[in-house]
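Chain A is the first sequence line, chain B the second, and so forth, proteins listed ahead of strands; every chain is numbered from 1.
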There are 2 protein chains.
Amino acid sequence: MPGHSPAACPAVTEVLSRVGDKWSMQVVMQLGYGSMRFNQLRREIDGISQRMLTRTLRGLERDGLVSRTVTPSVPPRVDYALTALGESLREPVSRLGDWAVANRDTVAEARAAYDLREEG
Amino acid sequence: MPGHSPAACPAVTEVLSRVGDKWSMQVVMQLGYGSMRFNQLRREIDGISQRMLTRTLRGLERDGLVSRTVTPSVPPRVDYALTALGESLREPVSRLGDWAVANRDTVAEARAAYDLREEG
DNA sequence: CAGGATCCGAAATGATACTG
DNA sequence: CAGTATCATTTCGGATCCTG
C-alpha cells in the first residue's frame, strides 16, 4: 500500500469514529447536493429521527464540516451547508461508497455462506 | 461529485457500519502487513481486548474480508489474513486515512472553537 | 494458544411529548 | 419550523473466569 505510514492508523480510526455512525455520512452526502433546511433534510434522509438529525448536525458543526445559518423569522429558518472541509470529505467517502456498491453482492454472498456453514 | 448516484448513499452507510466500529479497520490495516496469528494481532493492536479481537475477526471473516486458517496442533495455531476482498478495501480506507491526517488539526481547532463559543 | 461464556457499565439510537 | 427534554431499548466494549 503506497504512502501509508503506520502512524496514520490511529488517525483512520479517529475519522471513522466521527464518520462511522449511522447518520453522519448520509447527512454529508445529502448536503453535497446543496444547502438545506432542517425538515428538508429530515424528509430526504429516510428513517432519521428528529433527535438524531439534531445530534448529527451538531456533531458535524462542531467538527467544522457543516455550517449552520439562522434566519430569525417567524417561523424560524435554519440552513445547513457543507463547509470547505465538509466538501473535501466527500471524495474519500465516495471512494468507500464506490467500493460498497462494487462489492455489496460479494459481501452478501460471503455472509450467507458463513451463516450457512456456522449455524447449519 | 462525479459518478455518484443517490442510490449509493445507503451503501455507504452499510459499509461504514461494517468498517466504522472501533477495531475493524485497525485489524485490516494490521493484516495488510501480512498474515498474523491471534495473539500476535492482539499485541500489535494497542488496547484491544481478547473478546473484541475475536468478535472483530469473526465479523470480518463473515463478510469475506479476512480468512481464518486453523492448524490443528498442540497448542493450536490460527492464522488470519486478508482475502482479495479485504485487500481491495485497504485503498479506499487509506484515502480516508489521508484525509484524516491532512485535516486533523483543522478539525481539532474547529472543535475547540465550537466548545468555546457554546459552553462559554 | 485461541478462544467461549458470562456479567456489567457506557454509549448510541429511537419514541414520545413539549416549546419559542 | 426547529428544536429540547425525557425515557426505554439496543448495541458496544471491557473485565473476568473457564477450557480443549
Side-chain angles (χ1 to χ4, degrees), chain A residues 10 13-28 30-31 35-63 66-81 111 114-115 117-119, chain B residues 10 12-28 30-31 35-63 66-81 111 114 117-119:
Chain A
T13 303
E14 200 182 308
V15 196
L16 286 175
S17 74
R18 160 70 290 223
V19 136
D21 64 68
K22 198 170 178 183
W23 304 110
S24 287
M25 279 311 103
Q26 292 196 56
V27 170
V28 169
Q30 197 56 51
L31 289 179
S35 170
M36 244 178 237
R37 298 177 64 177
F38 186 88
N39 279 331
Q40 222 175 336
L41 272 171
R42 196 181 169 187
R43 278 187 298 271
E44 293 295 335
I45 301 174
D46 192 64
I48 195 169
S49 66
Q50 189 182 52
R51 170 191 159 83
M52 279 304 109
L53 181 53
T54 300
R55 287 178 64 96
T56 302
L57 286 168
R58 290 290 173 280
L60 293 171
E61 191 194 353
R62 184 167 109 102
D63 287 355
V66 160
S67 68
R68 178 170 179 272
T69 310
V70 182
T71 307
S73 53
V74 194
R77 176 196 179 98
V78 181
D79 288 276
Y80 291 95
R111 206 173 281 191
Y114 180 94
D115 290 349
R117 75 171 175 272
E118 294 306 306
E119 228 172 292
Chain B
V12 175
T13 304
E14 201 181 309
V15 195
L16 285 175
S17 73
R18 160 71 292 220
V19 135
D21 65 66
K22 196 171 176 184
W23 303 111
S24 288
M25 278 310 102
Q26 292 196 56
V27 169
V28 168
Q30 197 58 49
L31 289 178
S35 170
M36 244 178 236
R37 299 178 62 179
F38 186 88
N39 278 329
Q40 220 176 337
L41 272 172
R42 198 180 165 188
R43 279 188 297 272
E44 293 295 336
I45 301 173
D46 193 64
I48 195 169
S49 68
Q50 188 184 54
R51 170 190 157 84
M52 277 305 109
L53 181 53
T54 301
R55 286 177 64 98
T56 302
L57 286 168
R58 290 289 173 280
L60 294 171
E61 191 195 352
R62 186 167 108 101
D63 287 353
V66 159
S67 68
R68 179 171 178 271
T69 309
V70 181
T71 307
S73 55
V74 193
R77 175 195 180 98
V78 181
D79 288 275
Y80 291 93
R111 205 173 284 191
Y114 180 95
R117 76 169 173 272
E118 293 307 306
E119 228 172 294

**Student:** Would you mind reading off the distance between B/Leu53 atom CG and D/dA15 atom P, rounded to a whole angstrom?
**Tutor:**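 One finds 14 Å between P of D/dA15 and CG of B/Leu53, rounded.
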**Student:** Consider the side chain of A/Lys22, meaning its heavy atoms from C-beta on, and name the nucleotide among C/dG14, C/dG3, D/dG3 that approaches it most closely.
**Tutor:**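 Taking heavy atoms from C-beta onward, the closest nucleotide is C/dG14.
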**Student:** Just jot down the salt bridge (charged side-chain N to carboxylate O under 4.0 Å, His left out) partners of B/Arg43, sequence neighbours excluded, or say none.
**Tutor:**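 If we apply the salt bridge (charged side-chain N to carboxylate O under 4.0 Å, His left out) test to B/Arg43, skipping adjacent residues, there are no hits.
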**Student:** State, with a plain yes or no, whether a side-chain heavy atom of B/Tyr114 is found less than 4.5 Å away from one of A/Asp63.
**Tutor:**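 No, too far: nothing below the 4.5 Å cut-off.
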**Student:** Nearest whole Å is fine: how far is D/dG3 P from A/Met52 CE?
**Tutor:**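 Those two atoms, CE and P, are 14 Å apart.
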**Student:** If you measure from CE on B/Met36 to CG on B/Leu41, what distance do you get to the nearest 0.5 Å?
**Tutor:**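 Answer for the CE-CG pair, B/Met36 versus B/Leu41, is 6.0 Å.
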**Student:** When you measure from the side-chain N and O atoms of A/Arg37 to the phosphate of D/dC1, is any distance below 4.0 Å, counting only OP1 and OP2?
**Tutor:**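 Indeed not, no polar side-chain atom of A/Arg37 lies that close.
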**Student:** Applying a 4.0 Å non-hydrogen cut-off, can you work out what B/Arg68 is touching in the nucleic acid: base, sugar-phosphate, or nothing?
**Tutor:**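 Sugar-phosphate contact only.
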**Student:** Output the distance between atom CG (B/Asp21) and atom CG (A/Leu16), rounded to the nearest 0.5 Å.
**Tutor:**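 The CG atom of B/Asp21 sits 9.0 Å away from the CG atom of A/Leu16.
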**Student:** Mind calculating the distance between CD (B/Gln40) and P (C/dC1) to the nearest angstrom?
**Tutor:**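 Those two atoms, CD and P, are 11 Å apart.
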**Student:** How far apart are the closest heavy atoms of A/Ser24 and A/Val19, and which atoms are they?
**Tutor:**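 Heavy atoms of A/Ser24 and A/Val19 come nearest at CB-O, 4.2 Å.
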**Student:** Just to confirm, is there a sub-4.0 Å distance from OP1 or OP2 of C/dA2 to any side-chain nitrogen or oxygen of B/Arg77?
**Tutor:**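 Negative; the distance criterion is not met.
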**Student:** For A/Arg62, does the CZ atom have more than 12 heavy-atom neighbours from other residues, nucleotides or ligands under 6.0 Å away?
**Tutor:**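 For A/Arg62, atom CZ is crowded (more than 12 foreign heavy atoms under 6.0 Å).
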**Student:** Consider the side chain of B/Pro76, meaning its heavy atoms from C-beta on, and name the nucleotide among C/dA2, D/dC1, C/dT13 that approaches it most closely.
**Tutor:**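 Per side-chain heavy atoms of B/Pro76, the pick is C/dA2.
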**Student:** Could you state the atom-to-atom distance from CE of B/Met36 to P of C/dC1 in whole Å?
**Tutor:**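 Atom-to-atom, B/Met36 to C/dC1, this comes out as 16 Å.
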**Student:** Checking B/Arg68 side chain against B/Arg58 main chain: does a donor-acceptor pair fall under 3.5 Å?
**Tutor:**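 No: the side chain of B/Arg68 does not pair with the backbone of B/Arg58.
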**Student:** Let me know the distance between CG of A/Asn39 and C1' of D/dA2, rounded to the nearest Å.
**Tutor:**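 Taking atom C1' of D/dA2 as the reference, CG of A/Asn39 is at 7 Å.
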**Student:** Please list each protein N or O that sits under 3.5 Å from an N or O in nucleotides 4-10 of chain D, with the distance.
**Tutor:**
unit_1, atom_1, unit_2, atom_2, d
D/dT4, O4, A/Gln50, OE1, 3.0
D/dT6, O4, A/Arg51, NH1, 3.4

**Student:** Would you please confirm or rule out a distance under 4.0 Å between OP1 or OP2 of C/dC1 and any side-chain N or O of B/Tyr80?
**Tutor:**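 No, no such contact exists.
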**Student:** Would A/Val27 and A/Tyr80 count as a side chain to side chain contact (heavy atoms under 4.5 Å, CB included) if you check the C-alpha gap in whole Å, the side-chain angles of each, and the deciding distance to 0.1 Å?
**Tutor:** CA-CA 10 Å; A/Val27 170; A/Tyr80 291 95; over 6 Å; no
**Student:** Does A/Arg55 or B/Val78 map to a spot on DNA chain C nearer the 5' end, using the closest nucleotide for each?
**Tutor:**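 The 5'-side residue here is B/Val78.
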**Student:** Determine the minimum heavy-atom distance between A/Ser73 and A/Pro75, stating which atoms define it.
**Tutor:**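 Looking at all heavy atoms of both residues, the shortest contact is OG-O, 2.9 Å.
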**Student:** Work out how much the helix from C/dC1-D/dG20 to C/dG20-D/dC1 bends between its end axes, five pairs an end, to the nearest 10 degrees.
**Tutor:**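 Roughly 50° between the end axes, to the nearest 10°.
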**Student:** From CG of B/Leu16 over to P of C/dT13, roughly how many Å is that when rounded to an integer?
**Tutor:**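 Nearest whole value for this atom pair: 12 Å.
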**Student:** Distance check needed: D/dG3 C1' versus A/Asp79 CG, whole Å only.
**Tutor:**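 One finds 15 Å between C1' of D/dG3 and CG of A/Asp79, rounded.
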**Student:** For the side chain of A/Asp21, counting heavy atoms from C-beta on, which of C/dT13, D/dG14, C/dC1 is nearest?
**Tutor:**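 The answer is C/dT13, which lies nearest to the side chain.
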**Student:** Could you report the tightest heavy-atom contact between A/Thr56 and A/Trp23, atom names first, then the distance?
**Tutor:**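 Closest pair (atom of A/Thr56, atom of A/Trp23, distance): OG1-CB, 3.6 Å.
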**Student:** Nearest-Å distance, CD1 (B/Ile48) to C1' (C/dG3)?
**Tutor:**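 Whole-Å distance recorded here is 14 Å.
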